[in-house]
*Asks:* 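Mind having a look at this structure? Questions to follow.
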Amino acid sequence: MIKVENVELAATIAKPKDKFPEPLRGEFAFVGRSNVGKSSLLNAVLGKRVAFVSKNPGKTRTINYFLVNNKFYLVDLPGYGYARTSKKDTEEWRRVIERYFRERTWNMKTLFALIDSRHELMESDTQLLEWLDILGIEPVVVLTKIDKLSSSELNKQLQYFEQILSSYRIKEIIPCSSLKKEGIGRIWNVISEELLKNE
Ligand code: GDP
C-alpha cells in the first residue's frame, strides 16, 4: 500500500497553451458525469481535501494534476453531462478531453471512469465508454456513493452494471463510498500494481 506523504497541485490545464507536466512515473485519470462524486473520491483516495467538492457543478473545464509523493499524478478530468450545460460547454468539454487523450494516453496507467451506483447508465456515460473503446482505453469503472444503497439494492445494481457493462472492454468494476471509505483500498491496489509494473 502506498502511503501518501505529499500531494500538490502540479498543473492546471485550461487553455490550449497550457503545458502538461513532466511524465514522471505515470498518471491515473478520473473522469465521470458532474456530481458523480469525483472530487470526493479524489479526496478520499488522497486522504486530503485537494479537490473542490460541489462548487459550480458542470462549470469546471480544467484538468488538474495532483502530484503524489513527487512520483506520479492523479488527474482530475472535467465532468460531463451536467443537466444545464449548453451545447457550447459540451463542445468545450470534448475539446479539453480530446486533447488530454491525444497528448497523454501514453502516460496514463489507468483511467477510472466513475458512474453513480444508484442510477441507470446515462447516455453520456455510454458515449464515453464507446469512445474509450474506439481509443483502445480499457477503464476501471468505479461505482460511486454505494452508501446510499441498501445491501439488496446494491446487489441489484451490481448485477445490472455487470450485465450492461459486459459489452464494453473494462478492467474491473469497483463499488465505492467516499463517505464510508469503502473501495478506496481497491483503487490503491490498482495504482500500486500499475506502478510496480514499471519498476
Ligand atoms: P463531482 O462533481 O463529481 O466532483 O462530485 P462531488 O464530489 O462534488 O460530489 C457531489 C455530491 O455528492 C456532493 O454533495 C457530495 O457530498 C456527494 N457525494 C460524493 N461522494 C459521496 C459518497 O460516497 N456518498 C455520499 N452519500 N455522498 C457523496
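FYI, the numbering just counts along the sequence from 1. Counting starts at 1 for both ligands and their atoms, in listed order.
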*Asks:* Would you mind running through ligand 1 and noting each atom that sits below 4.0 Å from a heavy atom of Ser39?
*Replies:*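 Per the distance check, 1 (P), 4 (O), 7 (O).
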*Asks:* Roughly how far apart are Glu103 CD and Phe20 CZ, rounded to 0.5 Å?
*Replies:*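 It is 5.0 Å, given to the nearest 0.5 Å.
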*Asks:* What part of Asp147 sits under 4.0 Å from ligand 1 if we count only heavy atoms: the side chain, the backbone, both or neither?
*Replies:*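 It is the side chain that touches ligand 1; the backbone stays farther off.
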*Asks:* Between Glu92 and Lys88, does a salt bridge (charged side-chain N to carboxylate O under 4.0 Å, His left out) hold up when you go through it step by step?
*Replies:* CA-CA 6 Å; Glu92 177 70 3; Lys88 195 169 147 277; over 6 Å; no
*Asks:* Side chain, backbone, both or neither: which part of Lys148 has a heavy atom under 4.0 Å from ligand 1?
*Replies:* side chain
*Asks:* Does at least one non-hydrogen atom of Gly79 fall below 4.0 angstrom from an atom of ligand 1?
*Replies:*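 No, Gly79 has no heavy atoms under 4.0 Å from ligand 1.
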*Asks:* Give a yes or no on whether a salt bridge exists between Arg33 and Asp116, defined as a side-chain N under 4.0 angstrom from a carboxylate O.
*Replies:*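 Between Asp116 and Arg33 there is no salt bridge, as every charged N stays at least 4.0 Å from the carboxylate O atoms.
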*Asks:* Would you call Lys87 and Glu91 a salt bridge, using N to O less than 4.0 angstrom?
*Replies:*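 The answer is yes: the pair qualifies as a salt bridge.
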*Asks:* Is there at least one pair of N or O atoms, one from Val36 and one from ligand 1, spaced under 3.5 Å apart?
*Replies:*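 Between Val36 and ligand 1 (N or O atoms, distance only) the closest approach is under 3.5 Å.
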*Asks:* So, is Ser178 polar-close to ligand 1, with some N/O to N/O distance under 3.5 Å?
*Replies:*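 Among all N and O atoms of Ser178, at least one is under 3.5 Å from an N or O of ligand 1.
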*Asks:* Considering non-hydrogen atoms only, spot the tightest contact between Thr12 and Asp18 and give its length.
*Replies:*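 Minimum heavy-atom separation between Thr12 and Asp18: O-OD2, 3.8 Å.
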*Asks:* Could you tell me if Glu27 and Asn107 have a donor-acceptor pair between their side chains, going purely by distance under 3.5 Å?
*Replies:* yes
*Asks:* Is Thr144 near ligand 1, meaning one of its heavy atoms is under 4.0 Å from it?
*Replies:*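 Under 4.0 Å: no for Thr144.
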*Asks:* Please could you name the atoms of ligand 1 that Ser177 approaches to less than 4.0 Å, counting only its heavy atoms?
*Replies:*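 Numbered from 1, ligand 1 contributes 23 (O).
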*Asks:* Quick check on contacts: which atoms of ligand 1 are under 4.0 angstrom from a heavy atom of Gly37?
*Replies:* 1 (P), 3 (O), 5 (O), 6 (P), 7 (O), 9 (O), 19 (C)
*Asks:* Any donor and acceptor pair, going by atom type alone, linking the side chain of Asp76 with main-chain N or O of Ser39 inside 3.5 Å?
*Replies:*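 No, Asp76 side chain to Ser39 backbone: no donor-acceptor pair under 3.5 Å.
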*Asks:* Which atoms of ligand 1 are found less than 4.0 Å from any heavy atom of Asn35?
*Replies:*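 With Asn35 as reference, the close atoms of ligand 1 come out as 1 (P), 2 (O), 3 (O), 5 (O), 10 (C), 11 (C).
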